[in-house]
Amino acid sequence: MSAKAYSVIGTRPIRHDGADKVTGRALYGADFTAAGLLHGAIVRSPHAHARIKSIDTTRALAFPGVKAVVTSADFPETAERMVDLGEGDTPLSYARGNVLAIDKVLYRGHAVAAVAAASPHVAEEAAALIDVVYERLPCVLTAPEAMLESAPQLHDGKSNLASQFQHVLGDAAKGFAEADVVVEREFNTATVHQGYIEPHNATALWNNDGRVHVWCSTQGSFVVRDCTALILDIPVSRVKVTPMEIGGGFGGKIPVYLEPVAALLSKKSGRPVKIVMTRKDCFEATGPTPGSFMRVKIGATKDGRITAAQAYLAFEAGAYPGAMVGPAGMTVFAPYDIPNAVVDGFDVVVNKPSTAAYRAPGAPNAAFATESVIDELAQKLGIDPIEFRLKNAAKEGTRRVDGPKFRRIGCVEVLEAMKNHPHYSAPLGGPNRGRGVAVGFWFNVGLQSSATLNVNADGTVNLVEGSTDIGGTRTSIAMQAAEVLGIPVADVNPSVADTDSVGFTAVTGGSRTTFATGWAAYEAAQDVVRQMKQRAAKLWEVEAAAVSFDSGVFTSGGRKLTFKELADQLPATGGPVVGSATVNPRGVGGSFAGNIVDVEVDPETGKTTILRFTAVQDVGKAIHPSYVEGQMQGGSVQGIGWALNEEYFMGADGTMMNSSFLDYRMPTALDLPMIDTCIVEVANPGHPFGVRGVGEANIVPPTPAIANAIERATGVRMTRLPMSPPTVMEALWSAGN
Amino acid sequence: MPAQTHVTATINGEPVQFLCEPRQSLLECLRDILGMTGTKEGCNDGNCGSCTIVFDGRIVTSCLVLGVEARGKEISTIEGIARGNRLHPLQQAFLENAALQCGICTPGFIVAAKALLDQEPEPDEERIRFWLANNLCRCTGYDKIVRAVEQAAAVCKQEAAR
Ligand code: FES
Ligand code: FES
């Protein structure tokens with residue numbers, strides 16, 4: 001455990017952007033406005049699968065107030081090539097096609113054309129006047145169906161099975177032969193949405209000098225810059241993205257949807273154009289997380305040693321390849337030391353919106369399957385479920401089925417914390433109640449980040465960084481600079497800069513922001529210290545090496561200057577000090593999370609109530625414990641929603657039947673108890689402060705923990721998500737209760 | 001373009017006039033006409049609570065009210081919660097409890113919670129959860145929001161006793 005004494009790290013300061021955000025002053029993407037602003041509206045496909053025969057924009061263009069109309073024909077003519085949009089290579093036509101459909105529509109809600117007009121209402125009216133003639137085609141909505149020979153093909157001449165992989169470790173057949181007990185089950189999970197409260201938005205100005213300026217809510221301003229440039233075939237240097245405040249993303253605000261369209265409309269109209277999605281658009285036409293079909297088989301000996309495991313993972317990519325089945329394959333058995341394993345993964349296109357990342361993408365699906373089977377095995381073996389997991393827990397040196405060996409990880413520590421938590425031994429106190437446990441893993445990512453520190457004459461520091469702040473990261477990053485500089489965090493003034501004003505910084509995602517951009521701030525602060533030592537050396541007429549720095553004070557011999565005192569001397573000793581750093585860290589530390597959950601299942605209605613919920617997570621080092629707890633609580637509750645209610649109800653024609661917050665039922669305050677948190681700190685040796693990253697692993701264990709609790713309450717094992725009242729009732733009936 | 005209607009109302013204690021189309025929601029009028037973008041839009045169909053305001057003493061989702069209905073009404077929004085340059089105890093408690101992550105839901109929660117505390121100074125946890133059930137937050141899991149409201153209630157009570 002991390003025992004080092006820090007003065008800033010581990011404290012709970014008020015966030016720097018707090019006053020703006022509690023007074024309504026913070027400007028989010030939809031709050032942006034500009035002189036001469038036009039409003040855009042998107043024409044969306046009413047069909048899940050159809051060929052576009054023709055698009056006639058005449059009536060729309062003639063409508064009073066309309067300034068421009070665009071379709072995919074307005075993309076520049078560019079030869080097909082592979083492009084990297086930040087999540088691996090994809091054909092340019094796919095990247096463009098998801099923004100404005102080319103020849104075919106592949107899901108209901110697929111963007112087909114767009115209008116810019118004087119007001120949002122006029123744009124909406126005009127959009128209805130664009131005449132699109134479709135030739136409807138049969139649609140296919142699930143991975144197993146889409147993989148059939150007879151399935152309708154989404155991309156002409158290409159199989160719906162976009163890609164597949166196999167990971168092999170040891171000899172699974174031999175391992176299963178050694179097992180005394182084997183459990184095998186099939187699982188289905190529905191498509192779910194990130195459910196960020198702020199709809200996607202973008203404003204673009206294609207200026208008269210050919211430069212494009214975009215203002216939007218995004219998880220990654222540089223991703224928006226690069227993708228917009230690629231899609232529009234212009235150099236990145238001609239695109240500037242100013243990130244506005246962002247109202248939640250969870251992975252869903254990494255892809256671009258509106259930015260290139262707003263830019264094209266601006267190019268045609270000569271005016272800035274703003275487009276804001278409706279909630280229905282967010283559900284129908286952004287990237288939810290894949291629905292999945294999985295089969296998991298695990299064998300163990302009588303004394304509780306896992307001998308072999310096998311997983312079959314078929315994920316729905318939606319309209320374009322890229323279901324997060326890769327990460328599912330990396331995480332499916334990660335909590336365990338398993339000598340023999342096989343994992344088969346399938347990335348399958350279906351007529352649903354193109355999926356995107358959602359908090360630990362792929363891992364919650366996989367964990368639902370694995371952790372349910374693990375639980376059943378423990379039951380069959382008569383071993384306590386935490387003990388069984390501890391017996392087989394992954395440790396430093398354990399090889400994962402997808403290849404890498406774990407470095408220092410906290411799987412055992414998380415399980416121990418669960419075992420010792422008072423919740424685990426508390427009485428359940430009533431009928432129809434059950435307690436479930438589960439663990440989950442997310443590997444976290446590093447990626448590039450940049451930070452600059454400008455020292456002010458009053459001893460404060462302005463921090464410029466490129467990570468859009470979705471959950472208090474300005475502060476968790478500033479805290480790392482303050483710790484190095486030995487100054488209060490209130491004296492570090494962070495700002496999130498536009499893409500012209502800060503070095504490249506990858507997305508706020510992958511639990512990387514506090515880890516990697518925090519590291520950049522740490523290094524930038526070291527750079528400041530180095531330069532300030534030179535200034536002190538100059539003043540004192542000594543070698544820089546003779547100056548030491550500790551807790552905000554420079555000393556040499558008997559002389560001493562505080563950071564603030566020396567800052568005041570900068571003009572006289574050579575001018576301003578600007579520290580900067582860029583990182584692309586390799587020392588990423590994966591995070592394990594575990595849940596203990598008590599439920600009560602109403603035998604009359606099948607409704608599951610969460611009575612008590614404890615979230616445990618190894619975070620490496622909690623920079624700002626309140627926001628760490630917040631991540632754990634938020635991820636847990638998203639997991640609870642996924643477990644109990646959330647799903648895309650798809651009609652046979654591919655229409656989402658519940659595309660509103662009324663019908664897509666996310667947890668409310670009334671549905672929940674307090675979410676207890678237990679922070680475990682197994683320092684990540686790969687980060688100067690031991691940070692691992694906390695954003696994602698917490699959403700992995702809730703669905704199986706709740707399934708396991710329902711099993712304890714009812715004796716029925718749920719194999720389908722969500723475990724909504726009708727699904728539970730059906731399971732109870734078929735089990736004869 | 002449809003003819004515009006002249007509306008006078010009181011917003012955060014100040015008389016306000018604006019012109020709006022009959023089809024524009026009060027949320028649009030606040031944000032797009034009056035530039036009061038503190039009130040947020042999450043769904044535009046009454047289901048997220050981001051656009052919560054107080055309308056003649058009742059909390060409403062302003063996306064479901066027409067701008068023209070504001071004529072002669074008393075309206076309060078997030079912009080009117082702070083007491084001059086001092087934050088309201090609810091705003092302070094939200095900050096101290098880290099009750100916001102992305103913050104997009106925060107104005108709606110603070111307006112709704114203030115309406116609760118104005119009429120019920122000592123709500124228990126269940127009551128707070130019930131009252132805030134129309135406000136969706138996707139980031140926090142509500143735990144810290146509920147605690148912030150509890151803390152603010154205690155502070156308001158102390159202030160009232162002074
Ligand atoms: S925007 Fe009004 S309730 Fe969601
Ligand atoms: S803080 Fe993001 S929705 Fe509540």
Side-chain angles (χ1 to χ4, degrees), chain A residues 12 14-15 17-28 30-31 33 64-65 118-122 194-199 245-250 276 278-279 470-472 624 626-627 629-638 640 660-662 666-672 674-675 677, chain B residues 1-2 21 23-24 28 31-32 35-48 50 77-79 81-82 87-88 90-92 94-107 110 125-126 128-147:
Chain A
R12 299 171 186 249
I14 285 179
R15 61 195 284 170
D17 54 345
D20 282 347
K21 284 184 175 160
V22 295
T23 54
R25 293 194 181 104
L27 293 175
Y28 292 73
D31 303 336
T33 191
S119 87
H121 292 284
V122 173
Q194 298 85 351
Y196 35 76
I197 303 299
E198 176 206 38
E245 298 300 336
I246 165 173
F250 313 109
V276 181
T278 63
R279 180 51 52 183
I470 322 186
H624 190 309
S626 296
Y627 286 99
E629 291 160 6
Q631 288 295 317
M632 292 164 68
Q633 291 165 333
S636 297
V637 167
Q638 285 186 317
I640 290 171
S660 77
F661 275 148
L662 184 63
M666 308 199 305
T668 72
L670 195 56
D671 299 320
L672 297 161
M674 290 298 186
I675 306 295
T677 54
Chain B
M1 196 197 252
E21 292 178 24
R23 62 184 170 185
Q24 286 185 293
E28 282 181 84
R31 291 176 52 81
D32 298 345
M36 298 174 71
T37 54
T39 305
K40 301 300 179 192
E41 176 183 323
C43 67
N44 209 25
D45 56 16
N47 289 308
C48 77
S50 311
T77 69
I78 184 67
E79 286 92 347
I81 302 267
L87 293 178
H88 183 276
L90 266 165
Q91 294 171 312
Q92 191 61 30
F94 266 63
L95 294 181
E96 286 173 11
N97 288 275
L100 56 146
Q101 286 178 31
C102 78
I104 195 82
C105 67
T106 309
I110 288 178
E125 183 191 333
E126 191 62 18
I128 294 169
R129 288 187 179 276
F130 180 81
W131 186 272
L132 297 178
N134 190 48
N135 291 76
L136 291 176
C137 174
R138 190 59 157 172
C139 298
T140 64
Y142 306 101
D143 183 302
K144 292 184 188 301
I145 292 178
V146 174
R147 288 178 204 274

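Each chain gets a letter, A, B and so on, in the order its sequence line appears, and its residues count up from 1. Below, all heavy atoms of this structure are taken into account, side chains as well, without hydrogens, waters or symmetry copies.
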S.K.: Is chain B contacted by the side chain of Ser636(A), its backbone, both, or neither, given a heavy-atom distance below 4.5 Å?
M.R.: neither
S.K.: Provide the full list of salt bridge (charged side-chain N to carboxylate O under 4.0 Å, His left out) pairs with a residue in residues 36-47 of chain B, sequence neighbours left out, each pair given once.
M.R.: Asp31(A)-Lys40(B)
S.K.: So which of Gln24(B), Glu79(B), Glu125(B) has the largest heavy-atom pair count under 4.5 angstrom toward chain A?
M.R.: Glu125(B)
S.K.: Tell me, out of Val146(B), Leu100(B), Asp32(B), Ile81(B), who's got the most heavy-atom pairs with chain A below 4.5 Å.
M.R.: Leu100(B)
S.K.: If you count heavy-atom pairs within less than 4.5 Å of chain B, which of Gly471(A), Gly635(A), Ser660(A), Gly65(A) leads?
M.R.: Gly471(A)
S.K.: Counting heavy-atom pairs under 4.5 Å to chain B, which of Gln194(A), Glu245(A), Arg25(A), Arg12(A) comes out on top?
M.R.: Gln194(A)
S.K.: Of all of Ile145(B), Ile128(B), Leu136(B), Leu90(B), which one pairs up most often with chain A through heavy atoms under 4.5 Å apart?
M.R.: Leu136(B)
S.K.: Between Gly195(A), Gly248(A), Gly472(A), which has the largest tally of heavy atom pairs under 4.5 Å with chain B?
M.R.: Gly195(A)
S.K.: With Tyr28(A), which residues qualify under ring-ring contact (aromatic ring centres under 6.0 Å, His included), at least two apart?
M.R.: none
S.K.: What option among Trp131(B), Phe130(B), Phe94(B) has the most heavy-atom pairs under 4.5 Å with chain A?
M.R.: Phe130(B)
S.K.: With a 4.5 angstrom heavy-atom cut-off, is it the side chain or the backbone of Thr140(B) that approaches chain A, or both, or neither?
M.R.: backbone
S.K.: Gln91(B) versus Thr106(B): any side-chain heavy-atom pair under 4.5 Å?
M.R.: no
S.K.: What part of Ala26(A) gets within 4.5 angstrom of chain B, counting heavy atoms only: side chain, backbone, both, or neither?
M.R.: backbone
S.K.: At a heavy-atom separation under 4.5 Å, does Leu95(B) approach chain A through its side chain, its backbone, both, or neither?
M.R.: both
S.K.: Contact part of Ile246(A) toward chain B, heavy-atom cut-off under 4.5 Å: side chain, backbone, both or neither?
M.R.: backbone
S.K.: Under a 4.5 Å cut-off applied to non-hydrogen side-chain atoms, are Gln633(A) and Asp143(B) in contact?
M.R.: yes
S.K.: Which of the residues Ile675(A), Thr668(A), Thr33(A) is involved in the greatest number of heavy-atom pairs with chain B at under 4.5 angstrom?
M.R.: Thr668(A)
S.K.: Rounded at 0.5 Å granularity, tell me how far CE in Met666(A) sits from CZ in Phe661(A).
M.R.: 4.0 Å
S.K.: In terms of heavy-atom pairs under 4.5 Å, which option from Thr23(A), Ile640(A), Thr677(A) contacts chain B the most?
M.R.: Thr23(A)
S.K.: Within this structure, what is the CG-CZ distance for the pair Leu672(A) and Arg129(B), rounded to the nearest 0.5 Å?
M.R.: 6.0 Å
S.K.: Using atom types as modelled and distance alone, determine if a side-chain donor or acceptor of Tyr196(A) lies under 3.5 Å from a backbone N or O of Arg138(B).
M.R.: no
S.K.: Sub-3.5 Å donor-acceptor pair from the side chain of Arg15(A) to the main-chain atoms of Ala98(B), do we have one?
M.R.: no
S.K.: Starting at SG of Cys48(B), measure out to CG of Asn134(B) and round the result to the nearest 0.5 Å.
M.R.: 8.0 Å
S.K.: What option among His121(A), His624(A), Glu629(A) has the most heavy-atom pairs under 4.5 Å with chain B?
M.R.: His121(A)
S.K.: Can you find a pair of side-chain heavy atoms, one from Thr278(A) and one from Asn44(B), that are under 4.5 Å apart?
M.R.: no
